[in-house]
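Reviewing the structure listed below.
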Amino acid sequence: SDARLYWKKALEEAECEFTTQHKRVIETDGKGSIRKAVPQGFAYVHVDFSLGGGYAHIVENSSEFPREFAQHTIAGMCGLTVLDRAYTNRDVYKNACLALRKNFSSGFDWIQSTK
């Protein structure tokens with residue numbers, strides 16, 4: 001399915017190929033193979049497709065790995081940005097962007113507004 005391909009590509013591109021020492025994407029089956037595939041104590045990301053198998057990725061450097069990786073991947077699959085979900089509909093989002101742009105370009109005193 002498209003979701004499987006999207007996740008596989010996202011996991012392959014998750015970290016720099018030159019710093020990754022492990023297999024970039026590990027295929028798992030639905031029978032607890034994640035425990036067999038990833039050594040104990042390693043940080044990893046795992047996505048499962050209704051117990052029909054999935055993909056895992058060992059995180060080499062957890063301090064550099066994006067915390068919002070799954071959120072961004074799902075938003076990308078839905079054709080959204082992460083900010084889209086913060087607004088009830090696209091018009092409200094566009095109006096908020098226009099208002100922010102207007103405040104920035106109109107000489108609005110941001111320092112004064114925080115006092």
Side-chain angles (χ1 to χ4, degrees):
S1 80
D2 290 343
R4 284 182 181 271
L5 293 173
Y6 205 97
W7 275 102
K8 186 172 184 178
K9 185 173 184 335
L11 290 170
E12 286 173 347
E13 297 173 352
E15 292 181 289
C16 177
E17 67 180 288
F18 302 111
T19 60
T20 304
Q21 297 176 10
H22 298 88
K23 190 174 175 183
R24 297 180 71 67
V25 176
I26 302 166
E27 292 195 31
T28 62
D29 63 21
K31 299 179 181 175
S33 70
I34 187 67
R35 299 200 188 277
K36 297 173 193 167
V38 178
Q40 188 172 358
F42 278 67
Y44 66 93
V45 176
H46 179 242
V47 60
D48 188 276
F49 302 99
S50 300
L51 299 176
Y55 299 119
H57 172 76
I58 295 175
V59 176
E60 296 286 332
N61 188 344
S62 58
S63 64
E64 291 182 10
F65 194 81
R67 295 182 65 104
E68 305 85 12
F69 174 77
Q71 181 181 5
H72 285 278
T73 303
I74 292 169
M77 288 173 60
C78 297
L80 303 171
T81 67
V82 177
L83 294 176
D84 286 335
R85 68 179 179 84
Y87 299 94
T88 56
N89 62 43
R90 203 170 273 291
D91 291 333
V92 174
Y93 171 69
K94 285 182 181 180
N95 290 337
C97 290
L98 290 173
L100 182 66
R101 189 176 299 140
K102 180 182 172 190
N103 285 338
F104 259 119
S105 63
S106 68
F108 183 79
D109 187 358
W110 289 93
I111 296 172
Q112 190 65 26
S113 68
T114 60
K115 291 181 181 178

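This is a predicted model, so every value here is computed, not measured.
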Next on the checklist: Under the rule for salt bridge (Lys or Arg N to Asp or Glu O under 4.0 Å), what residues qualify as partners of Glu13, not counting sequence neighbours?
Outcome noted: Lys9
Next on the checklist: Using the salt bridge (Lys or Arg N to Asp or Glu O under 4.0 Å) criterion, which residues pair with Glu27? Sequence neighbours excluded.
Outcome noted: Lys8
Next on the checklist: Applying ring pair (Phe, Tyr, Trp, His ring centres under 6.0 Å), can you list everything that pairs with Tyr44, at least two apart in sequence or on another chain?
Outcome noted: none
Item to check | Atom of Arg90, atom of Gly79 and distance for their closest heavy-atom approach | outcome: NH2-O, 4.3 Å
Checklist entry - What closest approach, in Å, do Ala3 and Met77 show between heavy atoms, and which atom pair accounts for it? => result CB-CE, 3.6 Å
With sequence neighbours excluded, what pairs up with [X] under the side chain to side chain contact (heavy atoms under 4.5 Å, CB included) test?
| X | result |
| --- | --- |
| Asn95 | Leu98 |
| Ala14 | His57, Phe65, Phe69 |
| Glu64 | Asn61 |

Between [atom1] on residue [X] and [atom2] on residue [Y], distance to nearest 0.5 Å:
| X | Y | atom1 | atom2 | answer |
| --- | --- | --- | --- | --- |
| Tyr6 | Thr73 | OH | OG1 | 7.0 Å |
| Phe42 | Glu60 | CZ | CD | 8.0 Å |
| Ile26 | Ile34 | CD1 | CD1 | 6.5 Å |

Checklist entry - Taking the side chain as C-beta and beyond, is there a heavy-atom pair between Phe49 and Thr28 under 4.5 Å? => result no
